[in-house]
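Have a look at the structure below, then the notes.
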Amino acid sequence: MVVVSSLFINSAVLPDSCSNSNSNSDTMINLHSNSTASSSFPYVGSRIRVNFKPVSVGTLSYNGKSRYVNLKCEAASDSGSRSESVSNSSSFSAFELLKTSAAERYTKEKSGIMVVGLSFHTAPVEIREKLSIPEAELPQAITELCALNHIEEAAVLSTCNRMEIYAVALSQHRGVKEITEWMSKISGVPISDIRQHQFLLYEREATKHLFEVSSGLDSLVLGEGQILSQVKHVVKVGQGVPGFDRKISGLFKHAITVGKRVRTETQISSGSVSVSSAAVELAQMKLPEHSFASVKVLVVGAGKMGNLVIKHLISKGCKKIVVVNRTEDKVSKIREEFDNIEIVYRPLSDLTSYASNSDIIFTCTASETLIFTKDQVRGFPVNQRLFIDISVPRNVESCVSDVEGARVYNVDDLKEVVESNKRERFRKVVEARSIILEEVKEFESWKDSLETVSTIKKLRAYGERIRASEMEKCLEKMGGELSKKNQKAIHDLSKGIVNKILHGPMQHLRCDENEGRDLDDILENMEALNRVFGLEVEVSILEEKIRSKMEKFQI
């Protein structure tokens, strides 16, 4: 059999018998539409009957062979009655009919927000790193996504822990399919692997998810603040990029507001929830001025924990850090990441001399022997010196605290603080979710209220057309006898009459809790006004977008 497919439809199948060039019979195929709405296109109903009569005018490939087919079509309703035969000179081609029937189906479908994503919850780092998009390429990514057939608007949130694409799609399942294929194309990750690890959320759930992300509720470290900065960056990058439009832009801007509100009202970001951050916060608390600006800081070890300590120190305003490590390569990588911070490398042979001149010493190595003993520290100049040992096994002998001016804290001292802070943060999650649900409701109301904007514009235009027409007739009847002052008075009078007549309908298209109107009432009023004033006869913005996309991909 021969398969004929179109960009906007499922496949139509021609039986093998139809491809026999000697056959004179027509083959009838019914293509059903899920839509029950009537079509605005000629000859297109909810069912299309297509006649295929093969003649030697074109070719289709089948198992490496060329077969000649010519497609003629006619449309019939679900009742089975046949329409008149359509001549080649006045009818659509089969492909055109099939495409326009699909377009009609989508113009009746409301576009909606969705998220297609992978995160540390669902995908390993090996997958996430391949999908990651560099900052400089984000505008191009938005442009490519919005060039897909069913995507109107898009934004990309790409971090080390997540790759999430937010989109306004004309069709949910087709939008997901196109986005997944695009992700596979740019990353080289097979579609099957992406589907295995991706998550899909639609409408209210997609909105709620982004609000939770911006609030830090979906982060690896509960309540962390970096993700809010990354959400802000999405808005910054998206400004002026075609496709980062009203709904998606509004969604992300609202997410920033939610993230700020959650942190302000719940203080969910307060209190360290990792040993490395707790170590730095403890050191800061013990400083006389609670500042790292004028103190000498030494970090022993540049592994994972040492790296985190350095990052937390920098986040607290520390501008110079001396790092003692076996080799310099790890220190160089950290230095490249923070080129505006003075990070000094010293080998292990210089440990004692630099430790003796430091105010705060963080030890975070994998050494199984003590690095600082009581006898060793006793030889240091007498000074207020803080040892924070987060190594297991410990790197600092506990009795170092007996030395004058020295204080020692180990990982057990920090764990209690960390666990207490974690419990407190989880308690605050309940408060945060309550705020998020409130904000989701507000955003959804705003988004749904956009549906009335076009009706308001159409209603105003309707009234203005009548006013202008009737005023013109009035002035013609009066001839040229009216002064400009009187003409202006008639103009103002006509404007006033139209505005007063439209005032009531306009008020009923706006949410007003004081007057007891909710969103359902508004949408019901909108539908009524569209019906009463015949506003739906105008081509909708959505239909224009559909047709525009179809024109780009004509077969």
Side-chain angles (χ1 to χ4, degrees), residues 112-121 132-139 141-143 145-146 151-169 199 201-271 273 315 425 428-450:
I113 293 175
M114 66 180 186
V115 57
V116 181
L118 298 91
S119 73
F120 67 95
H121 294 299
S132 178
I133 299 177
E135 178 183 330
E137 297 177 15
L138 289 175
I142 294 173
T143 301
L145 284 164
C146 292
I151 305 302
E152 286 186 285
E153 302 180 30
V156 180
L157 179 58
S158 180
T159 73
C160 58
N161 285 329
R162 67 187 70 249
M163 165 57 167
E164 298 177 355
I165 295 175
Y166 293 81
V168 175
F199 64 88
L201 296 170
Y202 305 103
E203 297 292 5
R204 187 183 182 90
E205 289 303 313
T207 300
K208 178 169 169 281
H209 174 72
L210 181 59
F211 289 0
E212 289 179 346
V213 168
S214 66
S215 301
L217 301 193
D218 195 62
S219 296
L220 189 61
V221 177
L222 184 65
E224 59 93 6
Q226 186 180 8
I227 187 63
L228 181 57
S229 299
Q230 291 164 333
V231 172
K232 289 179 181 178
H233 191 67
V234 171
V235 175
K236 182 180 177 182
V237 169
Q239 294 299 321
V241 178
F244 189 76
D245 294 330
R246 191 168 190 178
K247 287 183 180 178
I248 290 294
S249 173
L251 173 65
F252 272 80
K253 287 176 181 177
H254 203 122
I256 294 170
T257 301
V258 175
K260 290 178 179 177
R261 183 186 170 192
V262 166
R263 286 172 173 81
T264 300
E265 295 186 17
T266 68
Q267 297 295 313
I268 196 169
S269 298
S270 63
V273 290
S315 71
R425 285 200 181 187
K428 292 173 180 177
V429 167
V430 178
E431 299 176 40
R433 292 195 188 282
S434 176
I435 292 172
I436 287 170
L437 290 177
E438 180 184 325
E439 293 287 350
V440 166
K441 183 177 179 181
E442 182 177 329
F443 175 79
E444 290 295 309
S445 294
W446 171 81
K447 179 169 68 71
D448 289 337
S449 71
L450 297 179

- [ ] Return the orientation label for the His254 and Phe211 ring planes: parallel under 30°, perpendicular over 60°, tilted otherwise.
- [x]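 Parallel: the ring planes of His254 and Phe211 meet at under 30°.
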Considering only NZ, NE, NH1 and NH2 on the basic side and carboxylate oxygens on the acidic side, decide whether [X] and [Y] come within less than 4.0 Å.
X: Glu438; Y: Arg261; result: yes
X: Arg433; Y: Glu212; result: yes
X: Lys447; Y: Glu203; result: yes
X: Lys441; Y: Glu444; result: no

Open item on the list: Nearest 0.5 angstrom please: Gln226 CD to Asn161 CG, how far?
Closed with: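 Here the interatomic distance stands at 8.5 Å.
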TODO: Calculate, to the nearest 0.5 Å, the distance between atoms CE and OG belonging to Met163 and Ser158 respectively.
DONE: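 Between atom CE of Met163 and atom OG of Ser158 there are 5.5 Å.
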Does [X] reach the side chain of [Y], with side-chain heavy atoms less than 4.5 Å apart?
X: Glu265; Y: Lys260; answer: no
X: Lys428; Y: Val262; answer: no
X: Val258; Y: Ser215; answer: yes
X: Tyr166; Y: Leu210; answer: yes
X: Leu222; Y: Leu217; answer: yes
X: Ile113; Y: Glu153; answer: no
X: Pro134; Y: Glu137; answer: yes
X: His233; Y: Glu135; answer: yes

Can you name the closest pair of heavy atoms from [X] and [Y] and give their distance?
X: Ile142; Y: Pro242; answer: CG2-O, 3.8 Å
X: Ile133; Y: Leu138; answer: CG2-CD2, 3.8 Å
X: Pro139; Y: Val241; answer: O-CG1, 3.8 Å
X: Ala155; Y: Phe244; answer: CB-CE1, 3.7 Å

Do [X] side-chain atoms and [Y] backbone N/O form a donor-acceptor pair below 3.5 Å?
X: Arg263; Y: Ser269; value: no
X: Ser214; Y: Ala255; value: yes
X: Thr159; Y: Arg162; value: yes

Task: Ile436/Lys208 under side chain to side chain contact (heavy atoms under 4.5 Å, CB included): CA gap, chis, key distance, verdict - done: CA-CA 7 Å; Ile436 287 170; Lys208 178 169 169 281; 4.3 Å; yes
Will you find, in the side chains of [X] and [Y], an N or O donor that is under 3.5 Å from an N or O acceptor?
X: Asp218; Y: His121; answer: yes
X: Thr266; Y: Glu431; answer: no
X: His209; Y: Glu164; answer: yes

- [ ] Please assess Glu152 against Ile248 for the test side chain to side chain contact (heavy atoms under 4.5 Å, CB included), listing each intermediate value before the final yes or no.
- [x] CA-CA 10 Å; Glu152 286 186 285; Ile248 290 294; over 6 Å; no
Task: Sole residue of Leu228, Ile227, Val234 in side chain to side chain contact (heavy atoms under 4.5 Å, CB included) with Gln230 - done: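 Single pass found, and it is Ile227.
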TODO: Under the side chain to side chain contact (heavy atoms under 4.5 Å, CB included) rule, what do Arg246 and Leu251 come out as? Steps first, then yes or no, please.
DONE: CA-CA 8 Å; Arg246 191 168 190 178; Leu251 173 65; over 6 Å; no
